[in-house]
Amino acid sequence: VQLQASGGGLVQAGGSLRLSCAASRGTFSYYGVGWFRQAPGMEREFVAAIKRGGGSTYYADSVKGRFTISRDNARNTVYLQMNSLKPEDTAVYYCAARREILTATIASRENQFDYRGQGTQVTVSS
């Protein structure tokens, strides 16, 4: 599967953005998807993940209550709705995917994912 993240941009603190992760070349409904981000000079960190069926989601504490991950398997797309953005959310955001069975536990470590897309820049001004 090939992944392409989009939807980043420049937004003021308190604003919102919706990122999209579009997949091609695969049956996307078989894949769990995660979002990660990397700020300048920092290591890449987990943001959110969703299982293949969409029924289970998991968030980093830093974004819980502000970000929502969802998926539309008919459109082969996973979304990350980001509300109440803070300057510390500034980073390049990446999506990653892995094929998984229905009973798999949700993945949150980058090395659990097999496919990664190009990132999209999110900049939050204060």
Side-chain angles (χ1 to χ4, degrees):
V1 66
Q2 292 184 331
L3 305 173
Q4 179 64 54
S6 62
L10 173 63
V11 64
Q12 288 189 330
S16 298
L17 283 173
R18 188 177 78 159
L19 306 184
S20 298
C21 175
S24 60
R25 295 190 181 182
T27 306
F28 195 49
S29 60
Y30 293 165
Y31 290 80
V33 176
W35 283 97
F36 296 83
R37 66 186 182 185
Q38 187 167 21
M42 305 291 286
E43 292 193 355
R44 196 171 299 186
E45 64 175 0
F46 169 76
V47 176
I50 188 166
K51 284 190 64 176
R52 57 176 277 184
S56 294
T57 58
Y58 181 62
Y59 298 91
D61 287 343
S62 59
V63 306
K64 202 173 294 183
R66 300 188 298 122
F67 291 10
T68 302
I69 188 170
S70 62
R71 66 189 301 155
D72 183 342
N73 285 338
R75 296 180 183 273
N76 284 353
T77 302
V78 167
Y79 303 99
L80 185 67
Q81 178 67 44
M82 306 187 297
N83 299 329
S84 303
L85 283 162
K86 305 175 181 180
E88 51 263 43
D89 294 317
T90 295
V92 178
Y93 284 69
Y94 303 86
C95 58
R98 69 167 191 175
R99 189 179 174 103
E100 60 187 22
I101 60 175
L102 282 172
T103 55
T105 55
I106 198 163
S108 61
R109 297 191 306 274
E110 194 172 11
N111 62 8
Q112 292 178 294
F113 294 90
D114 302 310
Y115 305 93
R116 294 165 186 80
Q118 299 285 344
T120 185
Q121 175 71 48
V122 172
T123 303
V124 184
S125 62
S126 56

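Numbers here are sequence positions counted from 1.
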Report yes if the side chains of [X] and [Y] come closer than 4.5 Å at any heavy-atom pair, otherwise no.
| X | Y | result |
| --- | --- | --- |
| Val63 | Arg37 | yes |
| Gln38 | Tyr94 | yes |
| Leu19 | Met82 | yes |

- Same apolar cluster (I L V M F W Y, side chains within < 4.5 Å links), Trp35/Ile50: yes
- Item | Cluster link Phe36 to Val124, ILVMFWY, side chain under 4.5 Å |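 In one cluster: no.
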If you look only at distance, which donor and acceptor atoms sit under 3.5 Å apart when one is on a side chain in residues 64-81 and the other is two or more places apart or in another chain?
residue : atom : partner : partner atom : Å
Lys64   : NZ   : Asp61   : OD1          : 3.0
Arg66   : NH1  : Ser84   : O            : 2.9
Arg66   : NH1  : Asp89   : OD2          : 2.7
Arg66   : NH2  : Ser62   : O            : 2.9
Arg66   : NH2  : Asp89   : OD1          : 3.0
Arg66   : NH2  : Asp89   : OD2          : 3.4
Arg71   : NE   : Asn73   : OD1          : 2.7
Arg71   : NH1  : Tyr31   : O            : 2.8
Arg71   : NH1  : Lys51   : O            : 2.9
Arg71   : NH2  : Phe28   : O            : 2.9
Arg71   : NH2  : Tyr31   : O            : 2.9
Arg71   : NH2  : Asn73   : OD1          : 3.1
Asp72   : OD1  : Ala74   : N            : 3.1
Asp72   : OD1  : Arg75   : N            : 3.3
Asp72   : OD2  : Arg75   : NE           : 3.3
Thr77   : OG1  : Arg75   : O            : 2.8
Gln81   : NE2  : Asn83   : OD1          : 2.9

- First locate atom CD of Gln121, then atom CG of Leu10, and finally report the distance between them rounded to the nearest 0.5 Å. 9.5 Å
- Task: Check for a donor-acceptor pair, side chain of Arg116 on one end and backbone N or O of Glu110 on the other, with a separation under 3.5 Å.
- Result: yes
- Would you check if the side chain of Arg25 reaches a backbone N or O of Gln2 as a donor-acceptor pair within less than 3.5 Å? no
- Looking at residues at least two apart in the chain, or sitting in another chain, which of them share a side-chain hydrogen bond (donor to acceptor under 3.5 Å, both in side chains) with Asn111? none
- Any residue meeting ring-ring contact (aromatic ring centres under 6.0 Å, His included) with Tyr58, in chain and number order, not counting sequence neighbours: Phe46
- Item | Atom CD of Gln118 with >12 non-hydrogen neighbours under 6.0 angstrom |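 Incorrect, the count does not exceed 12.
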